[in-house]
Amino acid sequence: MQTRYDVVVIGGGINGAGIARDAAGRGLSVLLCEQHDLAQHTSSASTKLIHGGLRYLEYYEFGLVRKALREREVLLRAAPHIIRPLRFVMPYDASMRPQWMIRAGLFLYDHLARRELLPGSSAIDLRAHPAGAPLRDTYRRAFVYSDGWVDDARLVVLNAIDASERGATVLTRTRCVGATREQSASGEPHWKVRLRRAGEGGAESTVTARALVNAAGPWAASLLSEQLGLRSRRRLRQVKGSHIVVPALFEHPFAYIFQNPDRRIIFAIPFERRFTLIGTTDVDYPGDPGQAAIDAQEIDYLCANATRYFRAPVRPADVVWTYSGVRPLLDDERDDARAVTRDYQLELDRDGAPLLSVLGGKITTFRKLAEEAVGRVQDALGRSAPAWTAAAPLPGGDLPGADFERFEQSLRARLPWLAAPVLERWARAYGTRIDRLVGSADRVAQLGAEVAPGLYEAELDYLRSREWAATADDALWRRTKLGLQLDADQRRAVADWFESARARVGAAGVG
């Protein structure tokens with residue numbers, strides 16, 4: 001590993017990975033370090049939507065919604081394997097918001113930004129529409145609009161892969177334990193950054209960087225104060241969002257957006273074939289972001305508000321999985337956490353070697369945020385290279401015509417020996433890079449042992465060697481969601497495989 005870089009990016013969530021990708025593509029030498037796994041926290045704990053944020057219109061966030069809607073189109077083209085269109089059904093409840101307000105909001109949502117890939121909004125009769133079947137009879141009318149669904153953790157990983165293939169160094173499980181501004185013998189300002197690897201006796205190393213990017217998400221403020229000895233000019237507000245997963249409540253492909261009596265909204269989204277994802281909550285969270293977890297009150301809230309709409313009650317006992325993440329939002333001093341802006345701010349400190357801090361943001365606008373961030377870092381370093389990511393597909397996303405269905409059909413013709421569920425999952429997860437898993441195999445036996453149902457050694461080898469997966473959790477809950485499909489013994493078999501792989505690597509190193 002080299003020790004001198006143009007830019008060191010701290011934080012392997014969506015913003016850090018996006019910035020590393022953009023910077024590497026502009027010819028800067030880049031190191032990305034993440035204290036845990038890529039997307040281990042906030043960036044794998046979203047509602048998994050690429051959306052403008054319909055509800056933000058109520059808070060007059062027109063600029064944010066327009067920016068997000070523009071990015072929705074860009075991202076649908078960049079990664080049609082992990083991002084796909086999704087139609088949302090909003091049952092009409094006269095006690096919540098009047099029809100004119102909903103119609104006006106949807107009209108704005110359809111027209112605030114140019115829309116080429118998604119159909120516009122419409123009204124439907126739930127008594128004659130498939131989306132009405134699982135709902136209570138009291139809901140007869142609804143509105144339908146379009147947004148996108150994303151595999152959020154894989155979006156982070158694909159950005160990191162692209163950054164690496166463009167020359168960036170990506171270090172997971174590597175914590176920045178300190179950084180100081182210094183000057184070289186020639187008087188050039190730079191950062192001296194101390195890094196500590198997890199495990200391996202906590203080995204430390206030192207690198208230098210002409211610029212430092214703080215993309216630590218919910219740790220951004222503590223990184224400034226504890227590792228860098230600095231203060232931010234803006235306060236961050238930590239807001240916890242929690243989700244529950246229950247057995248599928250409906251079979252059709254539509255998602256729901258439900259209005260609640262407290263004027264919040266929750267989504268109910270088809271998830272991983274056999275499940276329904278319900279969320280999110282918005283509660284202030286003063287604790288350690290790494291320890292965020294759903295509490296009983298949040299579970300009750302999500303179940304109760306879903307039950308207001310569905311015929312079949314949703315009970316806490318139905319919950320098969322939960323996850324929570326802490327969003328670092330710009331503190332605009334609003335009393336209600338749901339009203340806090342989801343926009344971002346880039347704070348550039350040029351008192352010596354440049355430091356750029358990323359504050360706030362949402363997953364849909366990560367690419368634009370990264371583009372602006374790298375532009376500002378370039379200016380501070382006296383460099384100039386054009387922005388490039390708006391028209392560049394993410395790894396595996398270069399599908400002909402961005403047509404996933406046609407791509408999947410071609411795979412079925414080419415790989416008839418691969419079981420349909422595995423082929424579909426691989427096509428979605430890896431896109432055109434499926435060939436890197438299949439290699440020269442022409443039958444299932446050549447994919448290696450089936451470590452767990454539908455999970456072969458060929459895939460695990462790929463995740464470990466190409467995607468920084470080091471544990472069973474990395475593979476089963478972030479690179480894939482197979483953890484939902486497997487029992488405890490099967491998950492243990494995957495953990496054993498990773499332990500054996502580490503042992504083999506260690507033995508090879510000793511040799």
Side-chain angles (χ1 to χ4, degrees), residues 1-13 15-35 160 163-164 166-171 174-197 203-217 219-236 328 344-361 369-389:
M1 184 183 81
Q2 69 186 76
T3 58
R4 297 176 63 86
Y5 295 90
D6 291 320
V7 183
V8 168
V9 181
I10 301 171
N15 290 331
I19 290 168
R21 175 199 183 213
D22 191 306
R26 298 202 211 191
L28 296 169
S29 58
V30 179
L31 168 67
L32 171 66
C33 69
E34 160 56 42
Q35 63 178 336
S164 176
R166 295 176 188 275
T169 299
V170 177
L171 300 179
T174 301
R175 186 168 184 260
C176 172
V177 294
T180 54
R181 283 181 164 119
E182 297 187 353
Q183 283 194 340
S184 65
S186 62
E188 181 183 10
H190 63 267
W191 285 94
K192 183 177 181 181
V193 185
R194 290 189 297 118
L195 305 174
R196 180 180 296 155
R197 290 281 291 172
E204 288 194 10
S205 59
T206 301
V207 299
T208 62
R210 296 177 62 205
L212 192 65
V213 174
N214 170 12
W219 286 273
S222 63
L223 176 71
L224 284 172
S225 61
E226 296 173 17
Q227 278 74 47
L228 308 185
L230 301 170
R231 293 182 62 186
S232 171
R233 293 189 293 271
R234 286 294 302 265
R235 288 179 56 198
L236 289 178
Y344 58 82
Q345 181 172 313
L346 303 176
E347 191 175 272
L348 181 62
D349 178 350
R350 301 185 67 165
D351 185 16
L355 166 67
L356 184 78
S357 291
V358 178
L359 308 175
L369 180 155
E371 185 177 84
E372 294 175 11
V374 176
R376 296 189 69 176
V377 169
Q378 277 198 144
D379 289 345
L381 296 180
R383 297 280 292 269
S384 178
W388 62 277
T389 58

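Nearest heavy atoms, P354 versus L381: CG-CD2, 4.2 Å. Of all non-hydrogen atoms in L236 and G360, the two that sit nearest each other are CD2-N, 4.0 Å. Closest heavy-atom contact between R350 and D379: NH2-O, 4.2 Å. Nearest heavy-atom pair, L359 versus A220, reported as atom, atom and distance to 0.1 Å: CD2-CB, 4.5 Å. The minimum heavy-atom distance between L356 and A373, with the atom names listed, is CD2-CB, 3.4 Å.
In this model, no donor atom of one side chain and acceptor atom of the other lie less than 3.5 Å apart for T206 and R194.
Under a 3.5 Å cut-off, the side chain of W191 and the backbone N or O of A179 do not form any donor-acceptor pair. R197 places no side-chain N or O within donor-acceptor distance of the main-chain N or O of A203, the cut-off being under 3.5 Å. When atom types are taken as modelled, the side chain of S29 and the backbone of D6 share a donor-acceptor pair closer than 3.5 angstrom.
Within the 4.5 Å cutoff, no side-chain heavy atoms of Y5 are placed close to those of L28.
For the atom pair CG of L212 and OG1 of T180, the computed distance is 10.5 Å after rounding to the nearest 0.5 Å.
Paired with R26 under the rule side chain to side chain contact (heavy atoms under 4.5 Å, CB included), one option of R21, R166, E371 passes, and it is E371.
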